[in-house]
Trainee: 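The structure follows.
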Amino acid sequence: MDKLQRILDLIAGDPQADRAVPPTGFTARLTFLAAAAMAFLAVFALALSLATGRLADRWSAELAKTSTLRISAPAGQMDAQTAAALSVLETTPGVAEARALDDDEQRALLAPWFGADLPIETLPVPQLIEIIEDGDGFDPTGLRARLQAEVPGAVLDDHTRWREPLVEAASRLRLLGIVSMLLIAGATAAMITLAANAALAANAQVIRVMRLVGAQDIYIARAFVRRFTLRSFLGAAGGTLLGTFAVLLLPRADAAGGFLTGLGFQGWHWLLPLTIPVLAAAVAFFATRAAALRTLQEQS
């Protein structure tokens, strides 16, 4: 109850103490605009962090349980080596399914580079076999040894060299988003501290008069904390609203899974931007309190 009462007192304020804080002017505009701008950037940093997390999970899930077997052989031996490879895969522990891609599927894979009208039947294109692992997976080293003995033209690609760099890159982008949010919080605290110090310096005479009539430093500091916290909250709320609206205008995620088309929020993640004004107010509260008490002590 005591904490709730202190919060209510902070919101309500004290008209006598509020005289020490300029209601308008440069510091008020600086605090509001700085909080709005940083909140706008924080929305995109949050969207970046969440989008890269989804991207890393999708890449890992799509590539983790699949492999590709590529068979390069003369035309007269292609069918025989394909059948031999499928026979080996059917008896390999950890392989749930293996199937050879038909001409249409292989043409679709090559279409982004060579066009949809590629005459694949007349070209020496390797035969691809899609391998789907079960829960335990298979031993790639042992499978390569068996294939080398029975299917000389087969090359196994377990997607490890593709999956690991992509997942690592997505994880680093997610870390970059988190670091960006921390930098935004630090920059917000610095701007608010500068604005609070300027307001305290501009009202030094009023503060001296309040001290003469018995006002304590914590009483004066509370007025600055209240004004700057509310300004930061309102500015951050406006910046968050604009940032969320801007994210809504971004292209939606498509079937191709492009990164820039999925940079947004999904599901309950749309509620996360609501925490940005609260966090901005908390940053402003502690930054202003520390700045006010330090400056008041220096002025005494």
Side-chain angles (χ1 to χ4, degrees), residues 2-46 49 176-208 210-211 215-244 272-300:
D2 292 339
K3 291 183 178 179
L4 179 60
Q5 186 60 45
R6 284 198 294 268
I7 294 174
L8 294 176
D9 291 341
L10 178 64
I11 296 175
D14 187 330
Q16 299 298 324
D18 285 347
R19 295 177 181 177
V21 189
T24 59
F26 170 74
T27 58
R29 293 192 298 271
L30 176 62
T31 305
F32 185 87
L33 293 176
M38 294 303 173
F40 185 87
L41 296 176
V43 171
F44 282 93
L46 182 61
S49 179
L176 179 62
I178 296 173
V179 171
S180 298
M181 295 185 67
L182 294 177
L183 291 176
I184 288 170
T188 303
M191 294 294 292
I192 292 174
T193 299
L194 291 175
N197 286 334
L200 286 161
N203 290 268
Q205 185 174 357
V206 176
I207 292 173
R208 284 196 295 269
M210 295 180 67
R211 280 173 168 167
Q216 298 181 350
D217 286 352
I218 190 64
Y219 177 78
I220 301 172
R222 190 178 296 120
F224 281 88
V225 170
R226 172 182 174 273
R227 284 287 181 88
F228 280 85
T229 299
L230 291 179
R231 289 169 183 170
S232 299
F233 178 81
L234 294 176
T240 300
L241 181 63
L242 291 176
T244 304
L272 292 179
L274 298 178
T275 63
I276 293 177
V278 178
L279 294 176
V283 169
F285 176 88
F286 290 107
T288 306
R289 189 175 187 275
L293 291 177
R294 183 177 61 253
T295 304
L296 289 172
Q297 186 178 9
E298 293 173 354
Q299 292 179 355
S300 60

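Everything numeric in this text was worked out from a predicted model, so none of it was measured. Residues take their numbers from the sequence shown, with the count starting at 1.
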Trainee: Could you tell me if the side chain of Ser232 sits less than 4.5 Å from the side chain of Ile192, heavy atoms only?
Mentor: yes
Trainee: Honestly, is Arg231 close enough over Phe228, meaning NZ or CZ under 6.0 Å from the six-membered ring centre and within 45° of the axis?
Mentor: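 The answer is yes; both the distance and angle limits are met.
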Trainee: What is the distance from atom CG of Leu279 to atom CE of Met38, rounded to the nearest 0.5 Å?
Mentor: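 Reported to 0.5 Å precision, the distance equals 15.0 Å.
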Trainee: How close do Leu272 and Leu46 get, heavy atom to heavy atom, and via which atoms?
Mentor: CB-CD2, 3.7 Å
Trainee: Can you list the steps and then say if Asn197 with Arg294 is a side-chain contact (heavy atoms from CB on, under 4.5 Å)?
Mentor: CA-CA 9 Å; Asn197 286 334; Arg294 183 177 61 253; 4.2 Å; yes
Trainee: Between Ser180 and Leu176 (side chain of the first, backbone of the second, donor and acceptor by atom type, cut-off under 3.5 Å), is there such a pair?
Mentor: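 At least one qualifying donor-acceptor pair exists.
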Trainee: What are the two closest heavy atoms between Ala281 and Thr229, and how far apart are they?
Mentor: O-CG2, 3.6 Å
Trainee: Quick one: ring-ring contact (aromatic ring centres under 6.0 Å, His included) partners of Phe233, sequence neighbours excluded?
Mentor: none
Trainee: Could you report the tightest heavy-atom contact between Ala196 and Ala291, atom names first, then the distance?
Mentor: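 Here Ala196 and Ala291 meet closest at CB-CB, 4.4 Å.
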Trainee: If you compare all heavy atoms of Ala185 against all heavy atoms of Val283, which two are closest, and at what distance to 0.1 Å?
Mentor: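 In this case the closest contact between Ala185 and Val283 is O-CG1, 3.8 Å.
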Trainee: State the CG-CG distance between Leu41 and Leu183, to the nearest 0.5 angstrom.
Mentor: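 Result: 11.5 Å between the selected atoms.
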Trainee: Please check if the side chain of Thr244 supplies one atom and the backbone of Leu241 the other of a donor-acceptor pair under 3.5 Å.
Mentor: no
Trainee: At their closest point, which heavy atom of Leu30 faces which heavy atom of Met191, and how far apart are they?
Mentor: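 In terms of heavy atoms, the two residues are closest at CD1-CE, 3.4 Å.
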Trainee: What are the two closest non-hydrogen atoms of Thr193 and Ala189, and how far apart are they?
Mentor: OG1-O, 2.7 Å
